Amino acid sequence: MAVPILAVTMTTFAPTAVAATPEPEAEPAATGSATDFVYDPGITYDAAADTLSELPEVNGEPGMGQVGPLRCDNPYRKWYEIVSAPEIHMKWPGTSFKDGPGGTMVVKVETSGKLKAEVTAGFEAELSGVVATAKAKVDATLGVEVGITVGHEYRRNISRNKYGHVKYGSWGRKVKWKKYETSADRCGKKLLRSSTFLLPDKDELGWKYWETSS
């Protein structure tokens with residue numbers, strides 16, 4: 001089958017600043033996510049998908065693409081399409097902190113490890129194909145994991161009467177994808193599965209900083 005496809009330290013220098021406190025971790029998605037998966041780097045993007053993706057989407061039960069009278073000469077394939085891939089900051093656990101009001105934040109990464117892709121539970125088998133497609137269509141530096149090293153000290157002055165927030169991680173992509181197969185008559189495409197994965201970028205690591213009033 002062709003497939004196209006930190007604990008951190010915080011120092012405050014203003015006498016009015018409160019002690020830095022870790023921000024709560026985000027709740028997991030309702031559908032669940034998995035970071036243990038099997039990835040096959042040998043799977044590459046199938047250029048045939050560039051043509052097949054232009055076919056109209058048809059209704060019908062998935063899994064029936066190889067059955068039926070032929071009316072068009074498109075080849076039978078299964079492939080992935082990227083619907084959207086906005087940039088997203090994927091946080092390394094233990095590096096989300098808040099301090100203020102005012103003062104100066106000094107932070108650094110104190111733990112190392114692997115920041116992995118976040119995959120919808122039950123969709124782990126689609127990861128290799130989705131990554132291959134995202135690398136070809138979005139950014140070649142996307143992948144399934146990126147190494148985090150100790151260091152990366154960051155210093156930032158917080159605006160007067162404001163609270164500073166900071167977290168370290170990868171500027172990856174929130175990849176919304178769909179998986180199709182050629183329809184039975186080879187004239188259209190049938191939707192098989194769809195979901196959204198978070199993929200880290202191995203070349204885009206760093207701190208994200210923002211401020212709030214409280």
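The structure presented is a predicted model; accordingly, all values stated were derived computationally and were not measured.
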- Message: Quick check: do I88 and L199 have side-chain heavy atoms less than 4.5 Å from each other?
- Response: no

- Close side-chain approach of D99 to Y163, heavy-atom, < 4.5 Å: no

- Got a donor-acceptor contact below 3.5 angstrom from the T104 side chain to the R156 backbone? no

- When you check the side-chain N and O atoms of Y80 and D46, is any donor under 3.5 Å from an acceptor? no

- Query: What distance do E181 atom CD and L191 atom CG have between them, rounded to the nearest 0.5 Å?
  - Reply: 10.0 Å

- Donor-acceptor side-chain pairing of E57 and Y180 below 3.5 angstrom: yes

- Item | Spacing of D201 atom CG and L142 atom CG [to the nearest 0.5 Å] | 5.0 Å

- Query: Side chains of K178 and V83: closer than 4.5 Å at any heavy-atom pair?
  - Reply: yes

- Query: Is the closest basic N to carboxylate O distance between E81 and K189 below 4.0 Å?
  - Reply: yes

- Query: W177 ring centre to K179 NZ or CZ under 6.0 Å, with the angle to the axis within 45°?
  - Reply: no

- Query: Which residues pass the side-chain contact (heavy atoms from CB on, under 4.5 Å) test with P56, sequence neighbours left out?
  - Reply: none

- Could you state whether V150 and V106 fall into the same hydrophobic cluster, counting links through intermediate Ile, Leu, Val, Met, Phe, Trp or Tyr residues with side-chain heavy atoms under 4.5 angstrom apart? no

- Residues Y39, V131; criterion side-chain contact (heavy atoms from CB on, under 4.5 Å); working and verdict: CA-CA 9 Å; Y39 171 64; V131 171; 3.7 Å; yes

- Query: Taking S183 for the side chain and G188 for the main chain, is one N or O donor matched with an acceptor at less than 3.5 Å?
  - Reply: yes

- Check the pair W79 / Y45 against side-chain contact (heavy atoms from CB on, under 4.5 Å), numbers first and verdict last. CA-CA 9 Å; W79 72 95; Y45 179 70; over 6 Å; no

- Query: With a 4.5 Å heavy-atom cut-off, do E211 and I158 have their side chains touching?
  - Reply: yes

- Side-chain contact test, heavy atoms from C-beta onward, threshold under 4.5 Å: evaluate it for K114 versus V146 and give yes or no. no

- Does the side chain of S170 come under 3.5 Å of the side chain of H89 through a donor N or O and an acceptor N or O? no

- Message: With a 4.0 Å cut-off on N to O distance, would you call E126 and R193 a salt bridge?
- Response: yes

- Task: I would like to know whether V175 and T196 meet side-chain contact (heavy atoms from CB on, under 4.5 Å); could you show each step before the answer?
- Result: CA-CA 5 Å; V175 179; T196 299; 5.9 Å; no

- Step by step, would you call L115 with E145 a side-chain contact (heavy atoms from CB on, under 4.5 Å)? CA-CA 5 Å; L115 178 61; E145 64 180 25; over 6 Å; no

- Query: Are F97 and H165 an aromatic pair by the rule of ring centers under 6.0 Å?
  - Reply: no

- Query: Does V138 share a hydrophobic cluster with V144, counting links as ILVMFWY side-chain heavy atoms below 4.5 Å and allowing steps through other members?
  - Reply: yes

- Quick one: salt bridge (Lys or Arg N to Asp or Glu O under 4.0 Å) partners of D203, sequence neighbours excluded? none

- Using the rule that two of Ile, Leu, Val, Met, Phe, Trp, Tyr join whenever any of their side-chain heavy atoms come within less than 4.5 Å, decide whether V107 and W171 are in one cluster. no

- Would you call K137-D50 a salt bridge at under 4.0 Å N-O? yes

- From E118 atom CD to K174 atom NZ, the distance as rounded to the nearest 0.5 Å: 10.5 Å

- Message: What's the separation between atom OG in S128 and atom CD1 in I43, rounded to the nearest 0.5 Å?
- Response: 4.5 Å

- For K135, does the NZ atom sit with more than 12 other heavy atoms under 6.0 Å from it, leaving out its own atoms? yes

- How many angstroms lie between atom SG of C187 and atom CG of N74, to the nearest 0.5 angstrom? 7.0 Å

- Query: Does M105 reach the side chain of W207, with side-chain heavy atoms less than 4.5 Å apart?
  - Reply: no

- Query: Does a side-chain heavy-atom distance below 4.5 Å link Y168 with L205?
  - Reply: yes

- cation_pi(R186, Y76) dist<6.0 Å, angle<=45: no

- Message: Just by distance, no angles: are the side chains of W92 and T111 close enough, under 3.5 Å, to form a donor-acceptor pair?
- Response: yes

